[in-house]
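One-based numbering, in listed order, for ligands and for the atoms of each. In this text, all values refer to a predicted model and were calculated from it rather than measured experimentally.
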Amino acid sequence: MYILRGASEVVTAKPTLKPLSGEAMGIVDRRANTDVLIEGDKIVKVSKNIEAPGAEIIDVTGKVIVPGFVDPHTHLVWAGSREHELEWKLEGKTYQDILANGGGILRTVKETRSVDEEELQSQTLKRFKKAMSHGTTTIEIKSGYGLEEETELKQLRVANWLKSFNLADIVVTFMGAHAFPENLNKYEYVEEVIRMLPLVKDLAEYCDVFCEEGAFTIDESREILEAAKSLGFKLKIHADEFGDTGGGRLGADLGVVTADHLAGSSLETIKMLSRSGAIGVLLPGTPFALLSDHYSPARKMIANNLPIALATDCNPNCYTESMQLVQQLAVFRMGMTPAEALVSSTINAAFAIGKTDRGVISEGWRADLLVCDVPDYRHLTYHFGINHVEKVIIGGKVFNG
Ligand code: NIG
Ligand code: FE
């Protein structure tokens, strides 16, 4: 049992049983000069001058406490890197040009297939620790750099292996439908993904598909996601990243938990997603890394009551583990307020991966907390490009690097 004593403010969304949308997304509770009492993995009390005999005292005078960040969309398990593609992008090549020429995802597939499991573990563990040191306390991790049974299973095992550290909590997603492997035609690979579904069932809770021009069509995505749904997977979809190609609408139709990217979604698609109960997971690091100005229309989503979550999309194209950077991009490039960015990175991001016990600082909630060296929570976005997180508390335990 311990007390975080003397925070200059504790800032959190209000406790809620459903994701926040519309105006409610922009409201946070700010309590000045407040303590937090933690016992086991739970928050027991949040108030001024807490007295609890026997509790250890951790002095956090002058610091700001916020809920731990939840990163609900990453491709954390890969081998190698693609720094040369940044130069190609600077020369004017598009993401789809690079992919069509065997680069992009297919390049990472080659590298991920070629390393053994131990090497893949060590490359992934480094990123996992980096994410935590920047404030991520729960993280979603997808497969999708195998595009064959053996390597998809290897990636999923590595993602599950991270759970054994008892650090950030992990949610695993099977994304065999991330690209087409070079040795099979489209029809054969869609069948192969469907064949893999029962084989990965014990290793993944969600199934995701990259529904886009140059990737999986609406019909192919529907076939895979329906097969996954009937096996009990929860669904996600990468949709409308470059334009409204119907992926967002398919997601609404299938009842996905989240539709991700949505940079090109039309107003009608946004309204359909909102009616379906989906959450829009926005990934502003992706257009940033693609040297593009094409960010998701966050204000339109908020005006139409689509709940938003933010995520890094951490992958070899968009290489960041920092949810702080993502919140900064959300504010600077998508017009979200600092409060909306915080809500979208905590409580709404938790709902985006089916977690209902975290993302809020209040009695009875899971003790995932960040102690930040800022004078006011708005500095988390205003003061950009550095790491403000000083202490990371995950399930009541202090993470020490
Ligand atoms: O979410 N869009 C598809 N997949 C990833 C990119 C993966 C990669 O380029 O390696 C994304 O942006
Ligand atoms: Fe992605």
Task: Salt-bridge contact Lys93-Glu87 (side-chain N to carboxylate O under 4.0 Å) - done: no
- [ ] Starting from atom 4 (N) of ligand 1, find the nearest protein heavy-atom neighbour and note its residue, name and distance.
- [x] His178 NE2, 2.8 Å
TODO: For atom 12 (O) of ligand 1, find the nearest protein heavy atom and state the residue, atom name and distance (0.1 Å precision).
DONE: Asp313 OD2, 2.8 Å
Task: Residue and atom name of the nearest protein heavy atom (relative to atom 3 (C) of ligand 1), distance in Å to one decimal - done: Phe210 CE2, 3.4 Å
Open item on the list: For a ring pair (Phe, Tyr, Trp, His ring centres under 6.0 Å) check, start with the C-alpha distance between Phe180 and Phe216, then their side-chain angles and the critical distance, and finish with the verdict.
Closed with: CA-CA 8 Å; Phe180 288 93; Phe216 292 77; 4.2 Å; yes
Task: Under 4.0 Å to a heavy atom of His238 - the qualifying atoms of ligand 1, by number - done: 1 (O), 2 (N), 3 (C)
Open item on the list: Under a 4.0 angstrom heavy-atom cut-off, which atoms of ligand 1 come close to Asn317?
Closed with: 9 (O)
Task: side-chain hydrogen bond (donor to acceptor under 3.5 Å, both in side chains) partner of His73, the single match among His238, Lys236, His261 - done: His238
Task: Cationic N near anionic O, under 4.0 Å, Glu363 to Lys45 - done: no
TODO: For the residue pair Leu231 and Pro198, establish whether any side-chain heavy-atom pair is separated by less than 4.5 Å.
DONE: yes
Open item on the list: If the cut-off is 4.0 Å to any non-hydrogen atom of His261, which atoms of ligand 1 fall inside it?
Closed with: 1 (O), 2 (N), 11 (C), 12 (O)
TODO: Show which atoms of ligand 1 fall inside a sub-4.0 Å distance from at least one heavy-atom site of His73.
DONE: 1 (O)
- [ ] Please confirm whether Tyr95 comes under 4.0 Å of ligand 1, counting heavy atoms of the residue only.
- [x] yes
TODO: Heavy atoms only: give me the nearest Ile361-Ile43 pair and the separation to one decimal.
DONE: CA-CD1, 3.8 Å
Open item on the list: Which of the numbered atoms in ligand 1 are under 4.0 angstrom from any heavy atom belonging to Glu241?
Closed with: 2 (N)
Open item on the list: With a 6.0 Å cut-off on the ring centroids, do Trp78 and Tyr319 count as close?
Closed with: yes
TODO: For ligand 1, indicate whether the residue Glu212 contacts it via side chain, backbone, both or neither (heavy-atom separation under 4.0 Å).
DONE: neither
Open item on the list: Between the side chains of Arg127 and Glu321, is the shortest nitrogen-to-carboxylate-oxygen separation below 4.0 Å, so that they form an ion pair?
Closed with: no
Open item on the list: Tell me whether the Fe ion (ligand 2) has His238 as a neighbour, meaning an N, O or S atom of it below 2.8 Å.
Closed with: yes
Task: Check: Phe332 ring centroid to Phe384 ring centroid under 6.0 Å - done: yes
Task: Those atoms of ligand 1 less than 4.0 Å from some heavy atom in Arg82 - done: 8 (C), 9 (O), 10 (O)
TODO: Using a strict cut-off of less than 4.0 Å between a Lys/Arg side-chain nitrogen and an Asp/Glu carboxylate oxygen, indicate whether Asp29 and Arg31 qualify as a salt bridge.
DONE: yes
Open item on the list: With carbon and hydrogen excluded and only N/O/S kept, which atom of His73 is nearest the Fe ion (ligand 2)?
Closed with: NE2
TODO: Below 4.0 angstrom from a heavy atom of Ile105, which ligand 1 atoms are there? Numbered from 1 as shown, please.
DONE: 7 (C), 8 (C), 9 (O), 10 (O)
Task: Close approach of Thr108 to ligand 1, heavy atoms, under 4.0 angstrom - done: no
Open item on the list: Can you tell me if Pro316 contacts ligand 1 (heavy atom of the residue under 4.0 Å from the ligand)?
Closed with: yes
Open item on the list: So does Gly146 get a backbone contact from the side chain of Lys154, meaning a donor-acceptor N/O pair under 3.5 Å?
Closed with: no
TODO: Indicate, as side chain, backbone, both or neither, the part of Tyr145 found under 4.0 angstrom from ligand 1 when only non-hydrogen atoms are considered.
DONE: side chain
Task: Asp313: its N/O/S atom lying closest to the Fe ion (ligand 2) (atom name) - done: OD1
